[in-house]
Amino acid sequence: MGDIVLSIVAKLAEYTVDPILHHARYLCCFNNIAGNLPNAKEELELTRNSVKERVEEAIMRTEIIEPAVEKWLKDVEKVLEEVHMLQGKISEVSKSYFRRQFQYFLTKKIARKIEKMAQLNHNSKFEPFSKIAELPGMKYYSSKDFVLFKSTESTYKKLLEALKDKSVSMIGLVGLGGSGKTTLAKEVGKKAEELKLFEKVVMATVSQTPNITSIQMQIADKLGLEFKEKTEEGRAQRLSERLRTGTTLLILDDVWEKLEFESIGIPYNENNMGCGVILTTRSREVCISMQCQTIIELNLLAGDEAWDLFKLNANITDESPYALKGVATKIVDECKGLPIAIVTVGSTLKGKTVKEWELALSRLKDSEPLDIPKGLRSPYACLGLSYDNLTNELAKSLFLLCSIFPEDHEIDLEDLFRFGKGMGLPGTFGTMEKARREMQIAVNILIDSYLLLQASIKERVKMHDMVRDVALWIASKSGQAILASTGMDPRMLIEDETIKDKRVISLWDLKRGKLLIDDQLNCPTLEILLFHSPEVDFEVSNACFERLKMIKILAFLTSSYTWWSDTTDCTLSLPQSMESLQNLHTLCLRGYELGDISILESLQALEVLDLRGSSFIELPNGIASLNKLKLLDLFYCSIQTKKNAYEVIGRCLQLNELYLSIYSYAYVEFPHNISFSRLERYVLIYKMDPWQLRTDMLEEHRPTRALCVEGFNASVQSFISLPIKDFFQKAEYLHLRHLEGGYEDVLPSMDPQGMNHLIFLFLDYCREIKCVFDSTNADLLQTEDAFSSLVSLRLSDLDNLEEVFHDPSSRCSLKSLEQIYIESCRQLYNISFPKNSKLCHLKFLGIENCPMLTCIFKPSIVQTLELLEQVTIGECSELKQIIEEVEEGSVDYVSSQSHTSLMLPKLRKLTIFDCQGLEYIFPMCYAQGLASLEELEIEECNELKYVFGSEKEHDLTVYQHQSHRQINIHINFFNLETLRLIRLPNLVDIWPKYFDPHLPNLKELHCIDCPRLPDSWVRRVMIIDSDLQQDSTATEKELLCSVTTTFNQLSDQVLSSKLRHLQLYGLGVKGLFQFQIREHGSNTELAPLNLDLIYAELSDLPELEFIWKGPTNFLSLQMLKNIFVRKCPKLKTIFSPTIVRSLPMLRSLHIIDCEELEQIFDSGDAQSLYTCSQQVCFPNLNYIVVVKCNKLKYLFHNFVAGHFHNLIELKIEDCSQLQKVFAFECETDDDGQEGIVKDGEKVLLRKLLRIRLSRLPNFKEIHHGFKLKDDVEEHIINDCPKYSPSLYLHTGFLIGNKDKDVLPIPTSKKEQ
């Protein structure tokens, strides 16, 4: 009990006595406590200073101070400030009247501050104190030199779109070295960072020799990641873990080869894991090898863009000298849009004199590098890296070889091969075919590296001018100096001391052809000598070639390699000294009259002999003894003697390639016993004139093996035993004309194996052919898959052709077929596509003048036409159906409800003409699948009743019975832009009434001479917006387009019709465009309806009463340029006042034979029309023609002539009541645009040059006060008794032209 009492007493003392003593201390110990304050303050200040020193050191290390440290410093400063204030108050205590009370409170505050300072001192040990500052990321890179040109903007947008696509994690940006890939990648990275597409955007430079550690450290630095791992693998794992956290975009710049992401630590898999990659590279192959999902190419700058960039870097302004600007534009042309060249050259020349600019231009033209100041990157060095990085030696050699061609030249790959083969470049040994494959690989490498560019033709490449300069520079540095010049006089070679060191001399477009008559060409190391001129003869001295022992390629060219037959009259004589060229591998003498070429027998090292397009006396027998000769080109040659060159060629058994077309041998039979066991490529043309060849196909496709024969005559029984059969059976391209010998088919007669090499087959005038393929006798065929490679089939004038394919045993494949064209096969009754053939690659079908043909496709075949794009059928008088109608239950039956999405999905253009037996085009089930149809043209099909749907499908009762419903079916022709229906006398409808067509993008509508076609179909075509209500009253069914809607429905819309071209003939429409607005108490202004109509032609419309009607200011025709109205006898006006203000582009107005026409512009409300006319002009109206409009009194009533200030020609004939062209009731004063014109005032219609007025009995004047100008070209007046132009002739017209012959104005036909 006592212990409890003691415990209670102790607690009471703790809560009562201790606080009292504590507060008593504040009264008794003021001096003691106040004396401790300076010491505590000093101690805290020392600590603060120490912390500040650490802060400064951390900042110097670009570290970020921890927030706790910054807060501590703020707290310290605040406490020290408060202490300072307390110290001031201590000195004032003794002066206070309430000293004891003041001491108490002040001591209490001092004690608390001392305690606070002690606490701050104690808390000054920070861990961590600071951290490494995060690098600025993409903001670090400056944008001051970045200009987003149009040519780069599309690439910029494509990159951003790819970054936004979450399914794309690897993007390749490719382009020529120096094209601006790095700069663009930086800007895209900055934009991605700004748009927060990724949490982090990091850029790292890879360079030619990738350093894994360097790449890792670059990425880690920008992520604020510290590696503790010592090995590359350890760092890779750490980096990979970091990149899997959050989302990061890596920009890997200057990638030259495939990178192993795992070695670096970049996570890449199908799930992306939040890490996206953009890599910039000069090689498309790198992008492919690194599995880039998107490859985006950066194009070079266009002309204006290149000039703008050059001006920016060269500091060219409007005030710069004119002479300097002229040189500058030429320098920019030399840079050919390459940014690094533009920037470097511009910066180098900034501030230099005009002479220095001219010197720079001269060096650029001569392919010499400029002296680039330090700090600027040389475009030569930049592009040279691409060359240095090539590992394929043949690619390197071909790169240098391409520089022998002139600037901007499209280099044919055949020229490149023949020259490369002649040089013996690495990889060109062995057979010609192997060498070609190796060369194609090398060319692809150069294209992928952007050192070569694809030209306009597939078989040609180009070289950027700056890249060509670099190639010449590299060749010069490596001891392979090239002289490549255009327009040079070859005689200058004697005066040029430097040519003795040249490996190549290549002179193009020479204007002179005399070569060193008395002097030798002193070039001991020369390997290539090329002269080109399409217009001059060459005279070569005998001494010219004597010292060219090393020459491997000699070329005299009138043209580059081509299949077009182009002859010249240029002559070239071959000197005897050619026999000394014993290292000559390639000789090209192209397009010359050569005369005697027997010297060629001595060239024992010759591998390629190209005489394409040349003529000579005879082909020397010794050609057959040139054992190394692999390629002989005699395409389109002329041989003057009767000696049969075919016999010489037949002995050239060593040949790998033969190109033969001797046009002078029109009557020489090619021997049937010739065979070449080593022949890999051939183009053999016998007796066929150039105009009979499909030269465009040969040029475009360059077949490996082609045979074109006119009048081949060997019996079908003996053919299989003839050596020449190999040319037929191995051909990729086979063109036969006037084939004789009993051939009723091509297969199996010519090849039981099925001609599976054949890609192109053309047959013309082969009268005995009954079908191309016949498998009736299956034993004659030794294949199950004939014609498997056939791509193009063309049949013309085969008088006995009955079927194209007769294949009961299903041996014909056609799986590669893309084009079929059949013309003038008058007995053809069926194409008969093989039952099991899948025409899934067929793109074009053309059939013309096949009068017995009744049907084209079976439904089962149509289902395979997935890629068919264009169909043209014409002059097939017995054609009943394009797609055969089959009974339900047949194997070929296709239900109208099945497979509609697969029916002709790619068909873009359908043209049908002069098919007199055709009643409809397609069944409705096919119409619904024509999603890609752009153009539909049907002309002169007399029996055609419907375009879509058979007679049965147009029967509404049958449709309702089959479908058990009465709702309309919607058809969307979203891509249909052109619809032409011309001279179809029995056409009654386009589609059944229960189909609702939608043609939102129709731009051209031509309906000509379709008398039975009801007007309602046109109205359905011309629905401007499907949301608008279409009334169906009897009156509106007679309108072309009637839109009836409430005011509110249109108030918030600007409607648009894309129809550009409207041509209507022979219809019964009463009106064209009518717009009715039902108002429901709304005062909202109606938005205008903008029609994009450019051309309108309305002819022979006997019921037409108006063209457009509608509310004021509703219809706008801002694009209308031409309107032609003819034979509309009920039409009273052309334009309503509502349209007056909307014709700014109108150029021509033709109105002919409109008997009831009273006004061109309706002047029912004269004042309203006049008000409108004061606000409008016709700035582009040039031509007005009005003929046979006998009720017309004025062309333009209440219109001022001043609005027609561009009127050039005015023609008016046979308008019996016409009085004036311009008549107006209101006249303005001199400040207005019209009025009575007085002498000396400006003449209106200043550009009116031609006036023709004929048979106008009441015509008085063009406008009040009209005066002719003195430069009028034509003023013909005929039978206009009330028109007296002499009264209004400008006085200066006669006076000012006294020296001119003034012709009297004719007033009758005789005078004219």
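Heavy-atom basis, side chains included; hydrogens, waters and symmetry copies ignored.
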*Taking only Lys NZ, Arg NE, NH1 and NH2, and the carboxylate oxygens of Asp or Glu, determine whether Glu919 and Lys945 approach each other closer than 4.0 Å.*
no
_If I compare all heavy atoms of Gln1118 with all of Pro1144, which pair ends up nearest, and what's the gap?_
OE1-CG, 3.1 Å
*What are the two closest non-hydrogen atoms of Leu879 and Cys915, and how far apart are they?*
CD2-SG, 4.3 Å
_Does either side chain, that of Gln916 or that of Asn942, offer a donor lying less than 3.5 Å from an acceptor on the other one?_
yes
_Residues Glu951 and Tyr946: side-chain donor-acceptor under 3.5 angstrom_ = yes
_Looking at Arg1147, I want to see if its CZ is surrounded by more than 12 non-hydrogen atoms of other residues, nucleotides or ligands under 6.0 Å._
no
_Heavy-atom closest pair, residues Glu1156 and Pro1129_ = CG-O, 2.8 Å
*Within a radius of less than 6.0 Å around CZ of Arg1126, do more than 12 heavy atoms belonging to other residues, nucleotides or ligands occur?*
no
*Run the numbers on Thr978 and Glu934 for side-chain contact (heavy atoms from CB on, under 4.5 Å), then give the verdict.*
CA-CA 6 Å; Thr978 303; Glu934 297 173 4; over 6 Å; no
*asked:* Is the ring pair His1275/Tyr1283 parallel, tilted or perpendicular, if the boundaries are 30 and 60 degrees?
replied: perpendicular
*Give a yes or no on whether a salt bridge exists between Lys1188 and Glu1213, defined as a side-chain N under 4.0 angstrom from a carboxylate O.*
no
*Hey, is Arg1252 close enough to Glu1209 for a salt bridge, meaning N to O under 4.0 Å?*
no
*Step by step, work out the side-chain contact (heavy atoms from CB on, under 4.5 Å) result for Val947 and Trp991.*
CA-CA 6 Å; Val947 176; Trp991 30 64; over 6 Å; no
_Closest approach of Ile921 to Ile938 (non-hydrogen atoms, all atoms of both residues)_ = CG1-CD1, 3.8 Å
*Indicate whether the side chain of Asn1190 and that of Ser1216 have a donor and an acceptor atom separated by less than 3.5 Å.*
yes
